[in-house]
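Accompanying notes for the structure given below.
This structure is a prediction, so every number in the text was calculated from the model and none was measured.
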Amino acid sequence: MLLYAVLMFAVSALFIVLGIMIYRGRTDLIHSYHQRNVKDKASYGRAFGKALFAVACAPLISGIIGLFSDSDLLVIIAVLVLLLGFVLGSCRILAVQRTYNKGLF
């Protein structure tokens, strides 16, 4: 499970770095059709960055659980935390899209 933990930490770090960049105003990292109707790019970038931080928590927590797992039950819990976190984070991104872009596209 060490390899799983390292992979999850790397994925989490990637999402955190992207979240920081978008939070600081690099909304050009988001595809243009996702921000076609956005009026306030600064607020949109901050909200989207926060949503990416929520997505980054899932692999981070799952990796921590995987790092200390010795049983099959903890492995299942780590995977469930990962899936649940990605679903909740994706829902947060969709909420940001609806709020600022008036829809997904």
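- In this structure, the separation between CG on L52 and OH on Y23 is 13.0 Å, given to the nearest 0.5 Å.
- Within the model, atoms CG of D28 and CE of M21 stand 8.0 Å from one another, a figure rounded to the nearest 0.5 Å.
- Within the 4.5 Å cutoff, side-chain heavy atoms of I20 are placed close to those of F53.
- Residues forming a side-chain hydrogen bond (donor to acceptor under 3.5 Å, both in side chains) with R46 (at least two apart in sequence, or on another chain): S43.
- Ring orientation note: the planes of F86 and F15 are nearly perpendicular, at an angle over 60° on the 30°/60° scale.
- With rounding to the nearest 0.5 angstrom, the OH atom of Y100 is 12.5 Å from the OG1 atom of T27.
- Side-chain contact between L7 and L3: absent, with no pair of heavy atoms (C-beta onward) separated by less than 4.5 Å.
- Note that CD1 of I93 is 11.5 Å distant from CG of L88, once rounded to the nearest 0.5 Å.
- Taking OG of S62 as the reference point, atom OH of Y4 lies at 2.5 Å (rounded to 0.5 Å).
- Distance alone, capped at 3.5 Å, is enough to place a donor-acceptor pair between the Q97 side chain and the H34 backbone.
- To the nearest 0.5 angstrom, I77 atom CD1 is 7.0 Å from S71 atom OG.
- Counting only distance, with no hydrogens or angles, the side chain of S12 and the backbone of M8 share no donor-acceptor pair below 3.5 Å.
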Test log, rule side-chain contact (heavy atoms from CB on, under 4.5 Å), inputs F9 and I64: CA-CA 8 Å; F9 293 150; I64 290 171; 3.9 Å; yes
